[in-house]
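Keep in mind that this is a model prediction, so the values were computed, not measured. Counting starts at 1 for both ligands and their atoms, following the listed order.
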Amino acid sequence: MIQCDRCRISLNDGEGYDFHGKVLCEDCYMYETNPPKACDPTAVSSALSMRKQLGQSGTEGLTELQKQIYSIIEAKGKITKEELAAQLGLKLEELEQQFAILRHCELVRAAKEGDKVYLTKW
Ligand SMILES: [Zn+2]
């Protein structure tokens with residue numbers, strides 16, 4: 001009998017997912033590989049330690065879209081989500097998802113100025 005390392009649910013042989021040497025059930029595996037919230041500190045540390053483990057820094061290991069987002073923010077200095085989404089032809093929700101990942105990796109952050117929220121480099 002094996003158990004999920006995270007939620008302790010019992011798993012049948014062959015049902016567990018290997019995640020950095022841990023055995024996880026499908027739900028926990030999805031949670032660990034797709035951290036749900038931008039400001040969840042455990043998600044941040046797991047995204048960071050995963051990148052460290054893979055020897056990645058800067059924009060290494062990012063998708064083309066994530067690199068594009070990062071380079072636009074880098075070039076502009078600061079840009080609103082609306083402007084960035086329009087420039088990339090993305091829906092705001094799609095941009096939010098990508099932004100959350102970049103934020104986990106401490107590449108970009110959101111900063112409030114007056115009544116606008118700008119995306120800037122970390
Ligand atoms: Zn689990």
Side-chain angles (χ1 to χ4, degrees):
M1 184 65 91
I2 46 172
Q3 272 187 334
C4 170
D5 272 333
R6 194 168 168 272
C7 70
R8 300 284 153 205
I9 196 174
S10 300
L11 299 167
N12 295 319
D13 277 346
E15 256 183 14
Y17 288 77
D18 180 68
F19 185 75
H20 302 310
K22 289 192 225 170
V23 180
L24 298 177
C25 70
E26 188 169 4
D27 285 349
C28 292
Y29 185 76
M30 293 306 288
Y31 179 89
E32 291 290 349
T33 52
N34 297 292
K37 277 185 284 170
C39 48
D40 180 342
T42 49
V44 172
S45 63
S46 79
L48 280 177
S49 63
M50 197 185 305
R51 282 163 57 78
K52 281 201 189 109
Q53 215 163 349
L54 294 169
Q56 293 170 341
S57 61
T59 56
E60 270 178 74
L62 299 178
T63 66
E64 284 307 312
L65 179 58
Q66 288 158 1
K67 282 183 195 167
Q68 238 180 324
I69 293 171
Y70 181 77
S71 65
I72 292 173
I73 293 173
E74 193 175 37
K76 294 259 182 185
K78 62 179 187 183
I79 187 167
T80 64
K81 277 181 191 172
E82 291 76 11
E83 284 169 344
L84 186 55
Q87 197 160 334
L88 290 161
L90 290 177
K91 287 185 194 145
L92 214 48
E93 311 86 78
E94 289 171 330
L95 177 64
E96 296 269 6
Q97 261 175 9
Q98 301 302 323
F99 181 74
I101 297 164
L102 292 171
R103 197 188 166 289
H104 283 150
C105 300
E106 297 186 352
L107 289 169
V108 295
R109 63 199 173 99
K112 203 163 192 259
E113 254 180 58
D115 58 352
K116 284 193 170 177
V117 177
Y118 289 98
L119 309 182
T120 65
K121 280 174 74 180
W122 187 267

message = Do the side chains of E83 and K76 get close enough for a salt bridge, i.e. N-O under 4.0 angstrom?
response = no
task = List nothing but the number: protein N/O/S atoms under 2.8 Å from the Zn ion (ligand 1).
result = 4
Hey, can you pull the donor-acceptor pairs under 3.5 Å for the side chains in residues 115-122, sequence neighbours left out?
from : atom 1 : to  : atom 2 : distance (Å)
K121 : NZ     : E74 : OE2    : 3.4

query = Rest of the hydrophobic cluster containing V23 (Ile/Leu/Val/Met/Phe/Trp/Tyr, side-chain heavy atoms under 4.5 Å)?
reply = I2, I9, L11
query = Which heavy-atom pair separates L24 from R6 by the least distance, and what is that distance?
reply = CD2-CB, 3.7 Å
query = Looking at residues at least two apart in the chain, or sitting in another chain, which of them share a side-chain hydrogen bond (donor to acceptor under 3.5 Å, both in side chains) with E96?
reply = K81
request  = State, yes or no, whether a side-chain contact exists between I79 and Q87 at a heavy-atom distance under 4.5 Å.
outcome  = yes
